[in-house]
Amino acid sequence: MSLQSYGVKPLPSDPIAREIQRLAPWFHNLHLPSGHETAPDHPLGDFPRVKWWELESAVPSDLAGWRVLDVGCNAGFYSFALARRGAEVLAIDVDDHYLRQARWAAEQFDVADRVQFEGRQVYDLARSTEEFDLVLFLGVLYHLRHPLLALDLLAERTRRLLVVQTLTMPGDEEARPPQNLPFDERDRLRDPGWPKMAFVEKRFADDPTNWWAPSEACVEAMLRSSGLQVVERPGYQLWVCEPTGVPESVRAELNAASGRER
């Protein structure tokens, strides 16, 4: 009987294809300089290249001198794209499997000297003073138990631009909340456009880390409350923001929630 009969694929003789197989499964379909692809049969298509095509025009083409933070970098697609534009990138993820993929791929793209990969949580930024010109927060917010805390921390660390991408619930209705909602008008909280976030107690799409599905109005309200101004919507579920400063009314709670000294 052949190995395929037992469901075991023989290792290819091509050394790059062999490494791709060894490091599988891949969530990022990287187009390597050798012509190989890491996930050519991705269920979302040529992902994340299709999202980058939406985003790339909203990011400066020359990032020389820019310090970039890529939160939840996965196999490093966006980190590599920004390094090729001249940025120095700190790429963080909590999954060692993805970090192994990213470090190997960085060598293939010859950008290992411009991208630093670290196993870190977004909450670890509470114990850092480093600031970044550009922060990517793509496909992470809805996986977090404490998404608003993460946004507050990232807003505090952003000098120029912060890009957010997140899963959202269906619908694009938006009702801008008033400065003060009277107690006896709280029925308005059920308006279709009121900022809302659905909590997923069990699983969504068979993933136990999918905790939230915010409405688009909720995403924008959260961004504003963290001191971020939306300046562009380059694509579906994408927001490009500039920092306006973390509100002082938020800072004391942010310090307490993140365990920092007041």
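The first residue in the sequence is number 1, and the count goes up from there. What you see is a predicted model; the values in this text were computed from it and never measured.
- Not a single donor-acceptor pair under 3.5 Å links the side chain of H28 to the backbone N or O of L30.
- Considering only heavy atoms from C-beta on, W212 comes within 4.5 Å of F199 through its side chain.
- To the nearest 0.5 Å, atoms CG (L99) and CZ (R120) are separated by 12.0 Å.
- Of all the heavy atoms in I92 and Q121, the pair that sits closest is CD1-O, 4.1 Å.
- Proximity of a side-chain donor or acceptor of S128 to a complementary backbone N or O of E130 within less than 3.5 Å is detected.
- Although no hydrogens or angles enter the test, the distance criterion places a donor-acceptor pair under 3.5 Å between the side chain of R186 and the main chain of F183.
- Side-chain atoms of H31 do not come within 3.5 Å of backbone N or O of E37 as any donor-acceptor pair.
- For the pair Q108/H36, no side-chain contact is recorded, criterion being any heavy-atom separation below 4.5 Å from C-beta on.
- A 4.5 Å side-chain heavy-atom check between F132 and V68 finds every atom pair outside the cut-off.
- At least one donor-acceptor pair closer than 3.5 Å links the side chain of S215 to the backbone N or O of K196.
- Taking the ring axis of W66 as reference, the NZ or CZ atom of R160 stays within 45° of it and closer than 6.0 Å to the ring centre.
- Here the side chains of H97 and P25 are in contact, with some heavy-atom distance below 4.5 Å.
- The side-chain heavy atoms of N29 and P40, taken from C-beta on, include a pair separated by under 4.5 Å.
- Between E216 and T168, the side chains place no donor N or O within less than 3.5 Å of an acceptor N or O (distance only, hydrogens not considered).
- Between E131 and R67 there is no salt bridge, since no side-chain nitrogen of the basic residue lies less than 4.0 Å from a carboxylate oxygen of the acidic one.
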Evaluate the criterion salt bridge (Lys or Arg N to Asp or Glu O under 4.0 Å) for residue pair E19 and R103; output intermediate values, then yes/no. CA-CA 12 Å; E19 279 300 287; R103 291 185 178 110; over 6 Å; no
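- Taking the side chain as every heavy atom from C-beta outward, V230 and V240 never approach each other to under 4.5 Å.
- In this structure, Y98 and C73 have side chains that are not in contact, with every pair of non-hydrogen atoms separated by 4.5 Å or more.
- With hydrogens and angles ignored, the 3.5 Å screen pairs no side-chain donor or acceptor of K51 with any backbone N or O of L238.
- Of the charged side-chain nitrogens involved, none lies within less than 4.0 Å of a carboxylate oxygen, so that R233 and E54 do not count as a salt-bridged pair.
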Please lay out, stage by stage, how F27 and F47 fare under the test ring-ring contact (aromatic ring centres under 6.0 Å, His included). CA-CA 8 Å; F27 186 64; F47 183 87; 5.2 Å; yes
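- The shortest non-hydrogen separation linking V250 to S225 is CG2-O, 3.9 Å.
- Within a 6.0 Å sphere centred on CZ of F204, heavy atoms belonging to other residues, nucleotides or ligands number 12 at most.
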Show every donor-acceptor pair shorter than 3.5 Å between a side-chain atom in residues 74-91 and any protein atom, with sequence neighbours excluded, or say none if there are none.
| from | atom 1 | to | atom 2 | distance (Å) |
| --- | --- | --- | --- | --- |
| S79 | OG | D70 | OD2 | 2.7 |
| R85 | NH1 | E56 | O | 3.2 |
| R85 | NH1 | V59 | O | 2.8 |
| R85 | NH1 | P60 | O | 3.2 |

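- Contact of the V164 side chain with the L138 side chain is not registered, since no non-hydrogen atoms from C-beta on lie closer than 4.5 Å.
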